[in-house]
Amino acid sequence: MNLKNLGQIADSDRNSETPLFSEYVQVGWPSPADDYIEKSIDLHQLLIKAPAATYLVRANGDSMLNAGINNGAILIVDRSLEPKHSDIVIASIDGAYACKRLQLTPKVGLLSENIKYPPIFLKNGEELDIMGVVTAAINKF
Amino acid sequence: MFALVDCNSFYASCERIFRPDLKTKPVVVLSNNDGCVVALTKEAKNLGIKMCDPWFKIEKTFKQKGGIAFSSNYELYGDISSRIMSILEELAPKVEIYSIDEAFLDLTGIAHCMDLEEFGRACQKQIMQYTGMPVRVGIGPTKTLAKVASYGAKRYPATRGVLDVTESCKRTKLMKLMPVNEIWGVGRRLNKRLLSQRVSTAFDLSQMDTGQIRKQFSIMLVNTIRELRGETCIPLDNAPTPKKQIVVSRTFGKRVTELDFLEEAVSDYAARAGEKLRKEGKACKVISVFIRTNPFRKQDIQHREIRSTSLLYPTNDTRDLIKSAKFLLKDLYRKDFNYNKAGIMLSNFFDETVYQLDLFKKKDRNTQDFKMMSLVDQINQSNLGPVSFLAQGIKKEWSMKRELQSPRYTTNLQDILAVN
């Protein structure tokens, strides 16, 4: 097990929950910004529409590079959405999930976004298993 | 009207969600320390595997036949369960979470605007789409009859997992085929007594004279009979009952004889129990510790004992809990026994904000302690953790084996599914 010294525990009068703007700091005029304080931006709200159906998946490799998905990106996968033609999906044909662009017409297949990788088309008797639709990718630089 | 939504071999189905290659393979999930089978898919059942089969006995042939086994992955199962429950809470006006993989729904109101079987199929479809979990839905005028319907949905593939027994002719037919021990609330002992009175099916039981039953059995069984006849006696319980005790116990990964290891283990369980206690916003006044040897090792001399202590003041500070647990353990421990399980139980709860003030404890220290424990909890809930007390041990050589565990796909960023 790795142990890490996290330093001293904060003393009692430092409270991390103190808001940046609050009434008691003012001695003279109330802050003109008081009326404009908003909730902070919530990335959850931006990225996750159906929490019970949303999963995180890591993309390995460069097969979706042209769709803006870098090696190591974290994908937001929403299972509540009905997969449509040309959606980016997490799907499997041969028993392992992969991230691909879904093609429904003229024939059903999974396309990569990198010319290095040929498209995969559904053969007779094969089943396409779609886990969910990728709604966003988080690329860290 | 009630529905029972019940997941099909829940643990084993969870293991399939992120593994499409397991879709048609036999899958089993093993209990703590990979002891015995606690969940299995129908493909595994077809290989002759049964619940509670010891893993060491079946391992070789099961693997030869292409079966896959997993250690219990409670982090994954807990997360999938809470997703399913929140989906149900959006679909139905009232939900009672009955266990990790079952929930009762109150369908009052829905019956007026929608065909109930159709509603059941919609639940089934949405849960499958959102989580990949196959469920069955039993529908009936009482909770006991919803359970009867769920039994029918499991037993008969033609139902495709949804059965509504609102029509009395339908349920009479089913109840005549249903053994009495499959009824909700009829245990093994009760089953024996009923069989001796020639009550062998659910239908037989529903025809019994309730006056007679009350005399010979219990009011509980009378309620079951009335529920089987379509009369609601057991209401939906949708407020979770506040916890009255917290138990943390584990089987060790190996036999333990040294006091040091036992101390580490109970301190570790005490820390976990303290975390749960603080999450409930409670403090406890009574602490119990138990240890036991392995009852299945007939060659060992057995020892099992529990001891409790009452504290002067309620606490939820892990340091107090560890101290008391170690004190109790010293009392219990006997040399040269092969212990294989220990546990801690907290009881006699008080609200953490209203318990009596300690006259001899400075108030400052109280609030500081409180802050420190909540900081520890915050760190452990974040990615920065874990922080723990040294008493909990570092190597934890006694800790349980989960050698075949799958990744914690939904609760740990390091473990999320990787795709190409």
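Each chain gets a letter, A, B and so on, in the order its sequence line appears, and its residues count up from 1. Side chains included, hydrogens not; waters and symmetry mates left out as well; all remaining heavy atoms used.
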Using a 4.5 Å cut-off on heavy atoms from C-beta on, say whether the side chain of A:Y55 contacts that of B:F18. yes
Euclidean distance, B:M128 CE relative to A:R79 CZ, rounded to 0.5 Å: 8.0 Å
Where on A:L81 is there a heavy atom nearer than 4.5 Å to chain B: the side chain, the backbone, both, or neither? backbone
Looking at B:I80, B:I416, B:I87, B:L413, which has the largest count of heavy-atom pairs under 4.5 Å with chain A? B:I416
Which residue out of A:V77, A:T54, A:D78 racks up the most heavy-atom pairs below 4.5 Å with chain B? A:T54
Distance check, rounded to the nearest 0.5 Å: A:C99 atom SG versus B:N420 atom CG? 10.0 Å
Please check: side-chain N/O of A:R58 versus main-chain N/O of B:Q414, any donor-acceptor pairing under 3.5 Å? no
Bottom line for B:I84: the part with an atom under 4.5 Å from chain A's heavy atoms is neither
Can you tell me which portion of B:T131 sits under 4.5 Å from chain A's heavy atoms? Options are side chain, backbone, both or neither. both
Spacing of OG1 belonging to B:T411 relative to CG belonging to A:L56, to within rounding of 0.5 Å: 11.0 Å
Among A:G132, A:S92, A:S80, A:A98, who wins on heavy-atom pairs under 4.5 Å with chain B? A:S80
Side chain to side chain contact (heavy atoms under 4.5 Å, CB included) for A:E127 and B:K23? Distances and angles first, verdict last. CA-CA 12 Å; A:E127 213 179 305; B:K23 212 170 174 181; 3.5 Å; yes
Scanning both residues in full, the closest heavy-atom pair of B:S86 with A:A52 reads OG-CB, 3.5 Å
So, is the end of the B:R19 side chain (NZ or CZ) under 6.0 Å from the ring centre of A:Y97 and within 45° of the ring's axis? no
Surrounding NE2 of A:H44 (heavy atoms of other residues, nucleotides or ligands, distance under 6.0 Å), is the total greater than 12? no
Any chance you could measure A:M131, atom CE, to B:L417, atom CG, to the nearest 0.5 Å? 6.0 Å
Under 4.5 Å from a heavy atom of chain B, the part of A:I90 involved: side chain
A quick test of your reading: do over 12 heavy atoms of other residues, nucleotides or ligands sit less than 6.0 Å from NZ of A:K49? yes
